[in-house]
Amino acid sequence: MKSKRLLFRTVLLVLALCLMLSLAAAFGCAQEPEPTPTPTPTPTPTPTPTPTPTPGPERGGTLRIIYGVSPTGLGYGPEVRRKQDLTVTSPCVETLLHVDETGAIQPWLATDVKGDAAAKTVTVTLREGVKFHDGTDFNAEAVKWNIEQQMAIDRSEVRNVASIDVLDDHTAQINLSKYDNSLIYALGSYIGFMTSPTYFETHGGVEGVKYDPVGTGPFKFASFEHDVDLKYERFDGYWQEGKPYLDAVEFIFIADPMVRLASFQAGEGDVLMGLEPHEAESLKAAGDFVFTSCIGNMLGLAGDSGHPDSPFADIRVRQALAYAIDPKPVVETIGKGYWNYSDQTCSAGTWGYSTEPPAYSYNPQKARELLAEAGYADGLKVPLIVRNTPSVWLDFYAVFQSQLNEAGFDVNMDIADPARVHDIVMGAGWENAIFAVHYADDADCSRSLNLMFNSKGFVYKCILHPEEIDEVISKITITDDFEVKKALTQDANALIRDKYCTLVFVANSPNLGARYSYVHDDGFYATQTWQSNVQDAWIEK
């Protein structure tokens with residue numbers, strides 16, 4: 001029985017083993033199935049973004065400009081005596097020429113101006129089809145009349161003009177007693193200021209038009225209230241077709257700088273002109289504003305070197321003044337990145353700026369040695385006369401006062417109001433003192449050289465005017481070759497700065513303007529202080 005059970009178990013084990021082997025063989029010999037390919041996803045097309053339309057000029061609206069200086073004259077050239085006056089008249093009264101960002105002359109009411117040194121003439125070709133706001137033609141007779149008004153008051157820019165010939169309706173020839181190329185540049189400012197002769201003659205002459213301008217600009221005069229506002233409205237007959245885009249331009253006059261800034265931030269104006277660096281900094285931190293800057297004031301220090309009994313008649317004292325000050329860090333600190341260091345009569349980067357390295361650099365020990373050699377071993381006690389506005393100038397020159405005292409001078413600050421400063425600059429001069437020199441820079445600094453740095457100029461009479469500098473400045477004005485003019489201008493700047501150390505220049509303080517980001521293309525403070533492009537201005541709604 002036992003043997004039968006053992007046999008039965010053996011049979012079962014063999015059968016199980018066979019079954020397992022057969023299954024293993026079956027699975028081992030079978031082909032692996034082909035993998036199902038992963039479907040490639042169909043790419044989803046990336047939607048093409050709809051391009052954001054480039055903003056274009058929109059029509060309508062009033063551009064409100066907050067400004068600190070109310071004009072003294074608007075409608076008669078000889079009564080427009082300040083660049084601030086040119087600024088506020090620019091929407092209404094245009095000049096013969098414009099100046100671009102590089103200082104190059106550009107056509108405007110005049111399409112071409114040619115100087116001929118040999119013939120002693122300047123020929124002006126005028127744009128055709130231009131009308132004054134009173135409907136009369138802008139032509140060569142109008143140019144002749146406007147320039148003759150400036151000749152009648154003996155304005156310095158036209159002292160060499162002998163006569164003006166009208167060659168045809170659109171060509172005027174200016175005849176000179178002595179060729180003077182600075183006249184061409186002047187046609188882009190005061191001398192090129194064009195108003196209607198007919199309106200002058202029929203509306204009471206000087207008094208009738210002084211505050212009632214009629215020009216050729218994109219906007220015509222509407223109203224003026226002194227120290228309050230000046231309003232212009234669109235001129236539909238403007239010579240640039242389709243312009244202006246705005247309905248009106250308004251200047252709002254606010255003398256106090258703090259009130260000006262507060263008014264602008266309150267939205268009471270769209271553009272603010274005449275910012276100080278710290279004000280620009282606060283605006284930049286406060287909102288989305290667009291800033292522009294253009295050539296502004298040249299700042300420097302000068303003794304009364306033209307007085308033979310002055311300490312500054314001794315070049316060693318003038319050199320000591322140059323060695324005593326370290327302007328670059330002062331310009332950076334006070335100017336907050338908006339001001340530029342300049343050691344010459346014009347801004348660094350303009351074509352008249354000399355590339356020669358300066359003869360003097362900050363060296364207070366050298367300053368003390370020179371003062372001792374000149375007889376001032378115990379210090380030279382002199383006042384430093386500084387204008388009281390803008391207030392940032394007081395901070396600026398206070399640093400130089402400290403530097404001068406550390407270098408052996410004994411300087412006290414003499415703060416002067418604008419009226420006194422005007423008298424000093426225009427004739428009275430200063431005596432045994434250092435004056436904080438300032439004047440409006442020009443893209444063509446040969447004008448500044450003529451007005452201030454030769455013996456025939458009419459401002460800053462009490463500084464030294466060496467004959468050598470006179471001769472170079474004279475040559476500058478009589479050439480009709482720009483490259484020659486450029487080289488001579490740089491020579492004059494080097495002579496003033498290095499050989500004679502007539503003045504110690506320290507900075508250019510540009511004119512600063514701000515506007516809300518919705519204001520476009522107004523052109524204020526983009527090139528020259530007095531120039532705008534309000535025919536292109538528009539307000540984004």
Side-chain angles (χ1 to χ4, degrees), residues 64-70 82-88 227 251-301 327-342 347-348 384-402 413 415-418 421-422 436-441 505-517 519 522 524-532:
R64 302 164 303 161
I65 304 156
I66 298 175
Y67 197 48
V69 185
S70 190
R82 303 174 305 173
K83 289 184 177 176
Q84 294 94 329
D85 296 348
L86 287 175
T87 301
V88 299
D227 292 328
F251 287 90
I252 302 164
F253 302 112
I254 304 174
D256 186 283
M258 293 182 66
V259 178
R260 276 202 306 271
L261 185 61
S263 177
F264 178 66
Q265 290 182 292
E268 294 168 357
D270 309 303
V271 177
L272 173 61
M273 297 199 296
L275 285 165
E276 294 302 331
H278 66 278
E279 295 171 331
E281 283 294 282
S282 69
L283 278 179
K284 187 182 288 186
D288 182 19
F289 299 103
V290 178
F291 297 87
T292 53
S293 66
C294 67
I295 288 174
N297 286 290
M298 298 303 303
L299 304 178
L301 298 161
K328 287 184 179 179
V330 187
V331 171
E332 291 170 3
T333 302
I334 302 294
K336 298 187 181 299
Y338 295 100
W339 288 12
N340 307 303
Y341 166 69
S342 181
S347 301
L384 170 58
I385 305 170
V386 181
R387 177 174 164 153
N388 63 357
T389 57
S391 60
V392 69
W393 287 7
L394 296 176
D395 299 333
F396 187 61
Y397 284 104
V399 182
F400 294 123
Q401 177 193 11
S402 176
M413 191 88 83
I415 299 172
D417 62 35
V421 167
H422 183 269
V437 170
H438 61 275
Y439 60 85
D441 191 16
F505 287 94
V506 291
N508 172 266
S509 62
N511 291 296
L512 299 174
R515 69 265 302 129
Y516 283 88
S517 58
V519 176
D522 59 273
F524 284 107
Y525 285 2
T527 53
Q528 298 288 303
T529 311
W530 63 88
Q531 190 173 291
S532 69

I'd like to know if the side chain of Thr87 reaches the main chain of Lys83, judged simply by a donor and an acceptor atom lying under 3.5 Å from each other, with no hydrogens or angles considered.
yes
What distance do Met273 atom CE and Thr292 atom OG1 have between them, rounded to the nearest 0.5 Å?
9.0 Å
Judged by atom type as modelled, is there a donor-acceptor pair below 3.5 Å linking the side chain of Arg64 to the main-chain atoms of Gly267?
yes
Can you list the residues that meet the salt bridge (Lys or Arg N to Asp or Glu O under 4.0 Å) rule with Asp441, with sequence neighbours excluded?
none
Measure the spacing between NZ of Lys328 and CG of Asn340 and express it to the nearest 0.5 Å.
12.0 Å
So which heavy atom on Ser347 is nearest to which on Ser342, and how close?
CA-OG, 3.9 Å
Any side-chain heavy atom of Ser293 within less than 4.5 Å of one from Leu512?
yes
Side chains of Val506 and Val330: does their closest heavy-atom pair fall under 4.5 Å?
no
Is it the case that the ring center of Tyr67 lies less than 6.0 angstrom away from the ring center of Phe524?
no
For Asn508 and Gly296, work out which heavy atoms get closest and say how close.
ND2-N, 3.7 Å
Where do Gln401 and Met413 come nearest, in terms of heavy atoms and distance?
NE2-N, 3.5 Å
Mind checking whether Phe396 and Phe400 have parallel, tilted or perpendicular rings, split at 30° and 60°?
perpendicular
How long is the straight-line distance from OG of Ser517 back to CG of Asp270, given to the nearest 0.5 Å?
11.0 Å
Below 6.0 angstrom between ring centroids: does that apply to Tyr525 and Phe291?
no
Interatomic distance, Ile254 atom CD1 to Glu268 atom CD [nearest 0.5 angstrom]:
7.0 Å
Nearest-0.5 Å distance that lies between atom CZ in Arg515 and atom CD1 in Ile65:
9.0 Å
If the plane angle is over 60° it's perpendicular, under 30° parallel, otherwise tilted; pick one for Phe264 and Phe289.
tilted
Looking only at non-hydrogen atoms, find the nearest pair between Tyr516 and Gln265 and report the distance.
OH-O, 3.5 Å
Using 0.5 Å steps for rounding, measure from the CG atom of Asn388 to the CG atom of Leu394.
6.5 Å
So Asp522 and Ser532, do their side chains get closer than 4.5 Å, heavy atoms only?
no
Show the nearest heavy-atom pair for residues Trp393 and Asn297, with the distance to one decimal.
CZ2-ND2, 4.0 Å
Can you give each donor-acceptor pair under 3.5 Å made by side-chain atoms of residues 275-283, sequence neighbours left out, with the distance rounded to 0.1 Å?
from	atom 1	to	atom 2	distance (Å)
Glu279	OE1	Glu276	N	2.8
Glu281	OE2	Tyr338	OH	3.3
Ser282	OG	Glu279	O	2.8

Restricting to non-hydrogen atoms, name the atom on Pro327 and the atom on Tyr341 that form the minimum distance, rounded to 0.1 Å.
CG-CE1, 3.5 Å
